[in-house]
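The block underneath contains the structure these notes are about, expressed in structure tokens.
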Amino acid sequence: MQNRLDTVKKSRELQQAQLAEVRRAITAEQTARPHSDERTQDLNKLESLKKDLEGLQAELAKFGACDPVKVEEKKRALILAKEAAVRWTDNYAVVLSYFTRQFSVDPEEIRKYLGIGEDYEDIS
């Protein structure tokens, strides 16, 4: 029980030291930034620009589907997906031709074993 109490006391001291450090940093920053009319105007302008930025970002989000960068990314993803499909179908065609030539197996049996339906079309 005493160990837990000591641990809590050490933790409290550490937290108080950190709090004092933060308070010193706050007062140092406040003295480095004195309040003036120019500073107040600049802060108001900054706040106004932030609101404008949020509005513009919301408007941009509305047109996200037409964004040329996103459209280009989707085109690249489509090309990669098609290449992957061609690779897999090519592998399938190679396996099918190998077994039909080498072992005289009916292609329908291979399709049935691989779970490929009759609606399969070769993409290449």
Side-chain angles (χ1 to χ4, degrees):
M1 190 66 139
Q2 188 65 30
N3 289 338
R4 292 174 73 189
L5 181 62
D6 291 340
T7 305
V8 170
K9 283 182 180 180
K10 288 179 184 177
S11 174
R12 181 174 179 239
E13 290 173 4
L14 195 86
Q15 296 295 329
Q16 286 179 339
Q18 288 177 346
L19 179 63
E21 181 66 30
V22 168
R23 285 186 177 160
R24 280 193 297 270
I26 288 173
T27 56
E29 290 297 323
Q30 284 177 341
T31 56
R33 300 176 186 173
H35 292 286
S36 66
D37 291 337
E38 182 181 347
R39 178 170 165 72
T40 305
Q41 288 174 355
D42 289 343
L43 288 174
N44 290 337
K45 184 177 179 181
L46 176 65
E47 192 64 33
S48 171
L49 291 173
K50 283 183 180 180
K51 287 180 183 177
D52 288 345
L53 178 64
E54 287 177 10
L56 291 172
Q57 286 177 338
E59 186 177 344
L60 182 62
K62 290 179 186 176
F63 300 110
C66 299
D67 185 13
V69 175
K70 289 184 180 179
V71 170
E72 189 61 34
E73 287 176 1
K74 287 182 181 182
K75 282 182 183 178
R76 271 192 252 120
L78 181 64
I79 290 169
L80 289 175
K82 184 177 180 192
E83 288 175 355
V86 168
R87 254 192 323 272
W88 280 101
T89 55
D90 187 40
N91 291 346
Y92 162 73
V94 168
V95 167
L96 183 66
S97 67
Y98 174 77
F99 278 105
T100 53
R101 278 185 285 125
Q102 199 71 15
F103 300 109
S104 300
V105 179
D106 185 32
E108 292 302 319
E109 289 182 34
I110 296 172
R111 286 189 182 109
K112 184 178 178 183
Y113 180 76
L114 294 175
I116 297 172
E118 292 185 22
D119 58 341
Y120 170 79
E121 293 181 24
D122 197 3
I123 297 177
S124 53

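Values reported hereafter were calculated over all heavy atoms of this structure, with side chains retained and with hydrogens, waters and symmetry mates removed.
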Nearest 0.5 Å, please: how far is [atom2] in [Y] from [atom1] in [X]?
X     : Y     : atom1 : atom2 : result
Glu38 : Leu43 : CD    : CG    : 10.5 Å
Lys45 : Asp52 : NZ    : CG    : 11.0 Å
Asp42 : Arg39 : CG    : CZ    : 8.5 Å

Main-chain N/O of Thr7 paired with Ser11 side-chain donor or acceptor, under 3.5 Å: no

Sidechain-backbone polar pair: Thr31 side chain, Thr27 backbone, donor-acceptor under 3.5 Å: yes

Can you sort out the partners of [X] under side-chain contact (heavy atoms from CB on, under 4.5 Å), two or more places apart, ordered by chain and number?
X      : value
Lys75  : Val71, Glu72
Asp106 : Glu108, Glu109
Arg12  : Gln16
Gln18  : Leu14, Gln15

Residue pair Gln2 / Asp6, side-chain heavy-atom distance below 4.5 Å: yes

Heavy-atom side-chain proximity of Lys74 to Leu78 below 4.5 angstrom: no

Val22: hydrophobic cluster co-members (side-chain, 4.5 Å): Ile26

Nearest non-hydrogen partners of Ile110 and Val105, listed with the distance: CG1-CG1, 3.8 Å

NZ/NE/NH1/NH2 to OD/OE distance under 4.0 Å, Arg24 and Glu21: yes

Single-linkage hydrophobic cluster Leu96~Tyr113, side-chain heavy atoms < 4.5 angstrom: yes

Shared hydrophobic cluster, Phe103 / Ile116 (ILVMFWY, side-chain heavy atoms < 4.5 Å): yes

Listed partners of Arg101 passing salt bridge (charged side-chain N to carboxylate O under 4.0 Å, His left out), at least two apart: none

